[in-house]
Amino acid sequence: MVDGAITVVLGPGLAPGLAGLGVLAAMQERGFPIARVVGVNTGALAAALWAVESDLSLGAKVLGNLPWEHYVVARDLGMSDPLLAAIQLLTRGMDFEKTQRRIAVVAMDAEDGRPVWIEQGSIALAVRGALSIPGLFHPVAIAGRRLLDGGRVWLEALPPQPTRRLLVCHGAPVGRGEVPSGFSSLAMDLALFAGWTWSRPQDPEDGTIVCDSIGGLLDFHRAEAWYEAGRRAFGRWIAALHGEADDIEG
């Protein structure tokens, strides 16, 4: 599984999807060659930070301190999009074509429900489209297409790859959980409904990492803990693969 460059696919997850940052960081620490990272929902945000060569640990800290409760649709945002503005800052306003590291973002076309594969233009806008969950984070349009979170269709969007593929998904949160400060009960219900629709990897040909569930779907304030959960999950996976002790500390 680990011979040659790997395509890493970071699945959907809202706050738990930030564990993808830790998986990528652990791969870098061990010198794993990555051919490309494909991201869905917050997996796309993790992929974007990797693409622009950010310090992923610092990125998790910054994400944990963002006012996510102010990004939901229920707030009076006027004509502004503060979530897009935040992502633009985090990705330094870069386009896909300007990065040395290859990524792609998967979203869904709101009109026909088909997957949309994005690897050109603004990284921030693509990530913002991938985060679009009606009623939670307002949908956006790219090139005339209204985009939604691609969690329902991400697996069918993935083309055959010449490199080996590693899928990263997330354990389901236990129960409804406590609504984080600043969010409404409706926001939690919308997040849970989105999570219920997300597909899970079924292909035994792919390596699959399942990150621990350490909180709820809207626990963005725990981004650093999600990051560490991703590092631990990769450590367990590689240890099992080689029959060795896990030496990645949480």
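No hydrogens, no waters, no symmetry mates; every other heavy atom, side chains included, goes into these values. From a predicted model like this one, the values you see are computed outputs, not experimental measurements.
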*With Trp198, which residues qualify under ring-ring contact (aromatic ring centres under 6.0 Å, His included), at least two apart?*
none
*Output yes when a side-chain donor or acceptor of Arg222 lies under 3.5 Å from a complementary backbone atom of Ile214, and no otherwise.*
yes
*asked:* Main chain of Trp50, side chain of Ser54: is a donor-acceptor contact present, judged purely on distance under 3.5 Å?
replied: no
*Hey, would you say the Phe234 and Phe32 ring centroids sit under 6.0 Å apart?*
yes
Does [X] have any side-chain contact (heavy atoms from CB on, under 4.5 Å) partners at least two apart in sequence or in another chain, and if so, which?
| X | result |
| --- | --- |
| Val153 | Met108, Pro115, Glu156 |
| Leu190 | Leu186 |
| Thr99 | Ala51, Val52, Met94, Ile123 |

*asked:* Could you measure the distance from the CD1 atom of Ile133 to the CG atom of Asp149? Nearest 0.5 Å is fine.
replied: 4.5 Å
*asked:* If I take atom OG1 from residue Thr208 and atom CG from residue Leu167, how far apart are they, to the nearest 0.5 angstrom?
replied: 4.5 Å
*With sequence neighbours excluded, give me every salt bridge (Lys or Arg N to Asp or Glu O under 4.0 Å) pair touching residues 39-55.*
none
*Does any pair with a residue in residues 88-106 pass salt bridge (Lys or Arg N to Asp or Glu O under 4.0 Å), and if so which ones, sequence neighbours excluded?*
none
Report the residues that fulfil side chain to side chain donor-acceptor pair (under 3.5 Å) with [X], sequence neighbours left out, ordered by chain and then residue number.
| X | answer |
| --- | --- |
| Asp219 | none |
| Glu119 | Arg36, Trp117 |
| Trp68 | none |

_How close do Ala47 and Ile103 get, counting heavy atoms only, and between which atoms?_
O-CG2, 3.6 Å
Name the atoms and distances for all side-chain donor-acceptor pairs under 3.5 Å in residues 15-24, with sequence neighbours left out.
none

*Provide the full list of side-chain hydrogen bond (donor to acceptor under 3.5 Å, both in side chains) pairs with a residue in residues 123-133, sequence neighbours left out, each pair given once.*
Asp81-Arg128, Arg128-Ser132
*May I have all residue pairs that pass side-chain hydrogen bond (donor to acceptor under 3.5 Å, both in side chains) and include part of residues 136-148, sequence neighbours excluded?*
Asp109-Arg145
